[in-house]
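Heads up: the structure comes next, in structure tokens.
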Amino acid sequence: MISRSLGSHGPRVSAIGLGCMGMSDLYGPANRAESIATIHAALDAGVTLLDTGDYYGSGHNELLIREALAGRNRESVVLSVKFGALRDTAGGFLGVDARPAAVKNFLAYTLRRLGTDSVDIYRPGRLDPTVPVEETVGTIAEMVKAGHVRYVGLSEAGAETLRRAHAVHPIADLQIEYSLLSRGIEAEILPAARALGVGITAYGVLSRGLIGGHWSKERALAKGDIRNFLPRFQGENLDQNLALVEALREVAESKGATVAQVAIAWVLSRGDDMVPLVGARRRDRLSEALGALEVALTPRDIARLEKAVPRDAAAGDRYDARQMSVLDSER
Ligand SMILES: NC(=O)c1ccc[n+]([C@@H]2O[C@H](COP(=O)([O-])OP(=O)(O)OC[C@H]3O[C@@H](n4cnc5c(N)ncnc54)[C@H](OP(=O)(O)O)[C@@H]3O)[C@@H](O)[C@H]2O)c1
């Protein structure tokens, strides 16, 4: 497995990380045994970065990861954990809490659920608009000093927030959506991250399955699947976006690769500071995703991919209007 450094301040991790969210939440039902088998297959293939959030399934995802890591060498895995989202008993989102006391409280529960003394990368999943980022990051920095956290990360933060946070404590990586379909970070956020030596863990590299090559208009979505509400999966937007996937498929087939593989390979090709997180929750999807590491894209291939999906070609925003309005990265 090829490895990459998470920026100048973070750990070395596998060039592709496994995002475990869909194994517990937001993408409809998942099979527990297959989820654990997928984590095992990832570790056996050399994946060292596992991404989770304490609010994915309200603790379910951390407990699942703990079970998957039983009997494995904890030191060989980089656990990246998000905190801050508040959930109700039905899974609804109630807001965000990133006050210092909340950070310490969330971390205490996370350590217990994961069965570990320290989290490798700890980050607020979203900024708390009522708490200056300096306070949130300052508290995580205290946890670093106490030995409970190794590195500090951010998620969906804009350039200015990134600079402010980095002035308090070095930021290892910014986790943010980035794909052929979502290139918004290229204007300001990516240059700011690069200037600070902050790595990017890119999520949504398959646009939540939309450009995974296996999506169709006929795919029925379970209750609780967030894609029921994401603009890119609706009506005419979906038609237009799936037409882009067909254009990608042509390029992929000419390379002897799949759509998912060229989409992941494109993100990998954007720089050594990019580590795509893939949301595989089945071994077949994982194996396909890791195959992206074998796809060598030439400058001509990259030009063809960007012609198939021109910048801003996506129909619909990446989140619904309410989320878009509160995302620090979209300000
Ligand atoms: N910081 C944040 O705000 C944030 C937000 C969202 C996610 N994340 C992190 O990013 C991780 C990845 O999530 P994502 O939404 O970005 O996932 P993604 O990889 O863009 O999409 C996952 C979806 O793609 C489908 N897919 C098709 N081919 C695939 C393949 N070869 N490999 C993997 N998936 C394939 C999956 O299919 P099936 O459903 O058929 O399995 C699944 O529905 C999450 O687990 C989470 O850790 C972070």
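Order of appearance sets the numbers: ligands from 1, and atoms from 1 within every ligand.
- Checking Arg318, Arg208, Arg219 against atom 21 (O) of ligand 1, the nearest heavy atom belongs to Arg208.
- Checking Thr52 against Glu62 by side-chain atom types alone, no donor-acceptor pair falls below 3.5 Å.
- Residue Gly204 places at least one N or O, backbone or side chain, under 3.5 Å from an N or O of ligand 1.
- Interface of Ala289 with ligand 1, defined as ligand atoms under 4.0 Å from a residue heavy atom, comprises 31 (N), 32 (N).
- Checked against a 3.5 angstrom limit, the closest N/O atoms of Gly125 and ligand 1 fall outside it.
- For atom 7 (C) of ligand 1, the closest non-hydrogen atom on the protein side is Tyr203 CD1, 3.6 Å.
- Interface atoms of ligand 1 facing Gly212, defined by a heavy-atom separation under 4.0 Å, are 27 (C), 28 (N).
- Between Ile171 and His166 the shortest heavy-atom distance is N-ND1, 3.1 Å.
- Among Arg270, Arg183, Glu186, the one residue that satisfies the side-chain hydrogen bond (donor to acceptor under 3.5 Å, both in side chains) test with Tyr178 is Glu186.
- The shortest separation from a heavy atom of Glu34 to ligand 1 is not under 4.0 Å, leaving the residue out of contact.
- Remark: side-chain polar atoms of Arg4 are paired, donor with acceptor, to backbone N or O of Leu268 under 3.5 angstrom.
- At a 4.0 Å cut-off, not a single heavy atom of Arg123 sits close enough to ligand 1 to count as contact.
- Both Val77 and Val275 are part of a single hydrophobic cluster, where members link through side-chain heavy atoms under 4.5 Å apart.
- Checked against a 3.5 angstrom limit, the closest N/O atoms of Thr52 and ligand 1 fall outside it.
- A continuous path of ILVMFWY side-chain contacts below 4.5 Å connects Leu86 to Leu327, so both sit in one hydrophobic cluster.
- Side chain of Glu34 to backbone of Arg283: a donor-acceptor contact under 3.5 angstrom is found.
- Only the side chain of Ser155 comes within 4.0 Å of ligand 1, judged by heavy-atom distances.
- Here is the list of ligand 1 atoms found below 4.0 Å of a heavy atom in Val205: 20 (O).
- The protein heavy atom nearest to atom 24 (O) of ligand 1 is Gly209 CA, 3.1 Å.
- When Gln175, Met21, Glu156, His214 are checked for heavy-atom proximity to atom 1 (N) of ligand 1, Gln175 turns out nearest.
- Of the N or O atoms in Val278, none lie within a sub-3.5 Å distance of an N or O in ligand 1.
- The shortest N/O to N/O separation between Arg282 and ligand 1 does not fall below 3.5 Å.
- No path of Ile, Leu, Val, Met, Phe, Trp and Tyr side chains, each step under 4.5 Å between heavy atoms, connects Leu94 with Val326, placing them in separate hydrophobic clusters.
- Residue contact check: Glu288 has heavy atoms under 4.0 Å from atoms 28 (N), 30 (C), 31 (N) of ligand 1.
- Heavy-atom contacts of Tyr27 reach the following atoms of ligand 1: 14 (P), 15 (O) (cutoff under 4.0 Å).
- The closest approach between Trp215 and ligand 1 stays at or above 4.0 Å for every heavy atom of the residue.
- For ligand 1, the polar-atom distance check finds an N/O of Gly19 within less than 3.5 Å of one of the ligand's N/O atoms.
- Judged by distance alone, with hydrogens and angles left aside, the side-chain atoms of Arg227 form a donor-acceptor pair with the main-chain N or O of Arg208 at under 3.5 Å.
- Checked by atom type and distance alone, the side chain of Asp328 pairs as donor or acceptor with a backbone atom of Gly158 at under 3.5 Å.
- Without hydrogens or angle criteria, Gln234 side chain to Leu230 main chain gives a donor-acceptor distance under 3.5 Å.
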Subject >> Worked check of salt bridge (Lys or Arg N to Asp or Glu O under 4.0 Å) between Glu156 and Arg318 >> reply: CA-CA 12 Å; Glu156 285 294 345; Arg318 61 195 184 95; 2.7 Å; yes

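- Using a 4.0 Å cutoff on heavy atoms, Arg227 counts as a contact of ligand 1.
- Atom 34 (N) of ligand 1 has as its closest protein heavy atom Leu206 CD1, 3.6 Å.
- Residue contacts with ligand 1: Arg126 is included, with a non-hydrogen atom under 4.0 Å away.
- Residue Asp51 has at least one heavy-atom neighbour below 4.0 Å for each of these atoms of ligand 1: 9 (C), 46 (C), 47 (O).
- Note on Glu160 versus Arg163: salt bridge recorded, some NZ/NE/NH1/NH2 to OD/OE distance being below 4.0 Å.
- Distances below 4.0 Å separate heavy atoms of Cys20 from the following atoms of ligand 1: 45 (O), 47 (O).
- Residue Ser207 approaches ligand 1 through these ligand atoms, each under 4.0 Å from one of its heavy atoms: 20 (O).
- Backbone and side-chain nitrogen or oxygen atoms of Ala260 are examined, and none is located within less than 3.5 angstrom of a nitrogen or oxygen of ligand 1.
- For an aromatic pair to be called close, the ring centres must be under 6.0 Å apart, and Phe83 with Tyr55 fails this.
- More than 12 heavy atoms of other residues, nucleotides or ligands shown are found within 6.0 angstrom of NZ on Lys217.
- Counting only heavy atoms of the protein, atom 38 (P) of ligand 1 lies nearest to Arg285 NE, 3.9 Å.
- For the pair Arg164 and Glu134, the salt-bridge criterion is met [side-chain N within less than 4.0 Å of a carboxylate O].
- If you look at Arg281 next to ligand 1, the close heavy atoms, those under 4.0 Å, all belong to the side chain.
- Among protein heavy atoms, atom 19 (O) of ligand 1 sits closest to Gly279 N, 3.0 Å.
- Looking only at distances, no side-chain donor or acceptor of Asp25 sits under 3.5 Å from a matching main-chain atom of Gly22.
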